[in-house]
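Just follow the structure's listing: the first ligand is 1, and inside any ligand the first atom is 1.
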Amino acid sequence: MRVEYPSPQGQVVALRDVSFTCPAGTSTALTGPTGSGKSTLVAVLSLLRRTTSGTVRIGGHDTAGLSGREIAGLRSTKIGVVLASFHLETSLTAAQNVMMPWFFRARRAPRREAQLRAVELLDALEIGDLADRSPHTMTGGQRHRVAIARALFSDPAVFLADEPADHLDEDAATEVATLLLSLPSRFGTAVVLVTHDEAIAGRADRRVDLVGGEIATPTGSAPRLAPTTTSSSW
Ligand SMILES: Nc1ncnc2c1ncn2[C@@H]1O[C@H](COP(=O)(O)OP(=O)(O)OP(=O)(O)O)[C@@H](O)[C@H]1O
Ligand SMILES: [Mg+2]
């Protein structure tokens, strides 16, 4: 794929010839220097930004020809995203934040079921006892867990995290990363984690290094993990 941004000085090429696959049940650490295209790749994989050329496939289905409405549907069911500036609603409890996707659904399960799922997810992330508290009474690490639970609420096929531990101290950042790296085996999701931390990157199933908008050293722990196509899919 290729991704360009328009700018007054002309087109900025953020990604070129990038081929990227994230298989279910595996974690990928996305690394590279500042400006190398990591956030752009996350934005494209989460269908927040369209490619200039090349396509993103989800479960083998090409998303290129989809309408805005179809893209929104896929985003709310298949994709979980935690960005550095995740927004939690402080006037709501942790559980209500987690079940936020439910409020936006056209066809809803009963509210009670959504509430139960929210509390179960918070439990799974070891903050079940905070379900009725507002995020503004929580530590940074706890708030991250609420944001992760919210992103997991819709049972996404892929979970994308862009520098999720940016504002945390080292211990809390390691904890959040450990949690994210445990998602593939616990929930079967594919996880893509942008990180500048070498130790964390080394613990992912594989590592993809971007330099100047290109993949520098794709390494796969198994042949099936190697990028194989000119497009991106999971
Ligand atoms: N909205 C935009 N308009 C123009 N250029 C942009 C825009 N967003 C990003 N870029 C450029 O695209 C390239 C890739 O940016 P990107 O944010 O993907 O990098 P990154 O690897 O996430 O960097 P960082 O580690 O600093 O977060 C950079 O050259 C950046 O300046
Ligand atoms: Mg970035």
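Less than 4.0 angstrom separates atom 7 (C) of ligand 1 from at least one non-hydrogen atom of the protein. For atom 31 (O) of ligand 1, no protein heavy-atom neighbour is present inside the 4.0 Å cut-off.
Some N or O of Gly35 is nearer than 3.5 Å to an N or O of ligand 1, by distance alone. Considering both main-chain and side-chain atoms, Lys38 comes within under 3.5 Å of ligand 1 through a nitrogen or oxygen pair.
Between the CG atom of Leu15 and the CD atom of Glu4 there is a distance of 10.5 Å, given to the nearest 0.5 Å. Here the straight-line distance linking atom OG1 of Thr55 with atom CG of Asp62 works out to 4.5 Å at 0.5 Å rounding. Of the inter-residue distances, the one linking Arg69 atom CZ with Ile71 atom CD1 reads 13.5 Å to the nearest 0.5 angstrom. Here CZ of Arg143 is found 11.0 Å from CG of Asn97. Values are rounded to the nearest 0.5 Å. Distance check, rounded to the nearest 0.5 Å: CD1 of Ile148 to CG of Leu121 gives 11.5 Å.
Interface of Ser39 with ligand 1, defined as ligand atoms under 4.0 Å from a residue heavy atom, comprises 17 (O), 18 (O), 20 (P), 22 (O), 27 (O). The distance from ligand 1 to the heavy atoms of His196 drops below 4.0 Å at these ligand atoms: 25 (O).
Protein heavy atom in closest approach to atom 9 (C) of ligand 1: Tyr5 CE1, 3.4 Å. Closest to atom 26 (O) of ligand 1, if we only count protein heavy atoms, is Thr34 OG1, 2.4 Å. For atom 27 (O) of ligand 1, the closest heavy atom belonging to the protein is Glu163 OE2, 3.6 Å. Nearest protein neighbour of atom 18 (O) of ligand 1, counting heavy atoms only, is Thr40 OG1, 2.5 Å.
Between the side chains of Arg203 and Thr178, at least one donor N or O lies within less than 3.5 Å of an accepting N or O. Between the side chains of Arg207 and Thr31, at least one donor-acceptor pair of N or O atoms lies under 3.5 Å.
Under a 3.5 Å cut-off, the side chain of Ser27 and the backbone N or O of Leu181 do not form any donor-acceptor pair. Between the side chain of Arg186 and the backbone N or O of Ala124, at least one donor-acceptor pair lies under 3.5 Å.
Contact analysis puts Gly37 in contact with ligand 1, with a non-hydrogen atom separation below 4.0 angstrom. Put simply, part of Ser36 is less than 4.0 Å from ligand 1, judged by heavy atoms.
At least one N, O or S atom of Ser39 sits under 2.8 Å from the Mg ion (ligand 2).
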